[in-house]
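Remember, it's 1-based here, ligands and their atoms both numbered in the order they're listed.
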Amino acid sequence: MTTASALVLVGAGRLEAREIPVPDPAPGEAVLAVEACGLCGTDHELYSGVLATRLPLVPGHEIVGTIGEATPQFLEARGLAQGDRVAVEVFQRCVRCEACSAGNYPLCRYHGLGDSYGNRPLEEGSGLWGGYATHLVLTPDSMVHRVPDHLDPLTATLFNPYGAGIRWGVTLGGIGPGTTVAVLGPGLRGLGVVAAAVGARAGYVMLTGAGPADADRLATGKAFGAHRTVDVHAEDPRRMLKQDTGGLADVVVDVTANAPEAFVQAIDLARPGGTIVVAGTRGHHTLQGWNPDRLVGKELRVLGALGVDGAAYRAALDFLGDNPVLGQVSRRVVGLDPDEVGGLLHQMAHGPDRPLHGVVAARPIGDPGRSQGGQRHGNGHGMSTA
Ligand SMILES: [Zn+2]
Ligand SMILES: [Zn+2]
């Protein structure tokens with residue numbers, strides 16, 4: 001029997017290397033040979049214990065790999081063949097319930113956060129439900145998207161943050177040709193919004209960051225096509241916006257992680273009748289001392305945006321395949337080692353020198369050369385202890 005090498009989260013800050021038997025796929029299932037798993041803020045919250053969940057489990061939810069042993073039902077239902085490289089969606093979909101029929105599968109009656117990839121306990125089934133492992137079980141209700149042939153697996157893990165950029169900026173925010181856009185927060189999701197806005201032929205895109213730690217990220221935003229980048233600690237974004245465009249933003253997307261006060265800035269930057277998209281969660285941060293009349297006075301439209309859907313994931317993979325520059329982000333890659341993964345999660349959350357993109361490579365990546373552009377961290381050989 002094949003065994004998977006996996007990292008199991010057993011408690012706050014405690015990852016353990018374990019060998020887990022890989023089951024033969026049941027009807028409708030397949031086994032994924034995991035290549036790479038992207039990391040985000042949720043990974044750190046899970047690791048550090050901020051997110052309460054049922055442990056132990058194998059974390060990791062931004063997963064790319066190739067289809068290994070698979071049942072004909074699994075392949076036929078998805079038009080896939082063994083060996084195809086795919087990106088895995090976080091949530092499963094039953095197709096039978098009301099929410100799923102309406103396309104709103106994060107609210108599925110039979111599935112949810114509790115059995116989403118990277119968040120499902122080891123005690124259920126094979127336990128192979130996370131991307132910090134060499135193998136993952138794809139259920140009959142799992143959703144996968146074919147990765148374009150020429151896209152390497154490390155870059156492909158960006159399908160998640162860039163999918164968010166497309167859905168939050170273009171689908172929900174309504175960014176289109178000529179739109180004036182302000183994006184607050186230069187993390188991967190903010191950069192994803194910038195890229196999506198440029199791709200949608202927005203007329204003007206501003207990206208803001210805060211302080212010297214964001215300088216690299218703002219430079220990446222420029223490379224992605226932002227017309228103006230602003231360090232809000234040094235310059236007034238509203239003044240810059242007026243100077244550049246003669247007015248204010250049609251759409252403001254607030255993708256800041258720990259800065260609830262950015263919401264007030266979003267109100268300042270939006271034109272009367274404009275749209276503010278508040279995207280991604282802010283944990284325990286709350287905002288005091290702002291007057292809701294400021295929304296009323298400008299008749300602003302405020303939208304909350306939480307997740308990503310299949311259409312946006314699909315679009316993000318194609319977008320990544322067509323625009324190599326989008327893969328050129330500062331990246332640190334580590335192998336399946338508890339200390340290396342823990343160290344990378346800590347570095348991404350607290351610095352110093354936070355890489356924009358952190359990836360766990362479950363196995364040596366075949367062609368690392370294609371994902372190295374613009375890389376400042378990591379040695380480009382799949383494994384790094386930078
Ligand atoms: Zn994530
Ligand atoms: Zn459902």
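Counting only protein N, O or S atoms closer than 2.8 Å to the Zn ion (ligand 2) gives 4.
Ring to ring, His227 and Tyr204 are close: their centroids are under 6.0 angstrom apart. Ring centroids of Phe159 and Tyr313 are separated by less than 6.0 Å, placing the two rings close together.
A donor-acceptor pair is defined here as one N or O able to donate and one able to accept, closer than 3.5 Å; such a pair exists between the side chain of Arg85 and the backbone of Leu151. Panel note: side chain Arg363, backbone Val34; a donor-acceptor pair is recorded below 3.5 Å. Formation of a donor-acceptor pair under 3.5 Å by the Asn291 side chain with backbone atoms of Asp293 is found in this model. Put simply, the side chain of Asp115 gets close to the backbone of Gly112: a donor and an acceptor are under 3.5 Å apart.
A donor and an acceptor atom, one from each side chain of Tyr105 and Asp309, are nowhere located under 3.5 Å apart. Of the N and O atoms on the side chains of Glu19 and Ser5, at least one donor lies less than 3.5 Å from an acceptor on the other residue.
To the nearest 0.5 angstrom, Thr134 atom OG1 is 9.0 Å from Ile20 atom CD1.
Excluding waters, the protein N/O/S atoms found under 2.8 Å from the Zn ion (ligand 1) are Cys40 SG, His61 NE2, Glu62 OE2.
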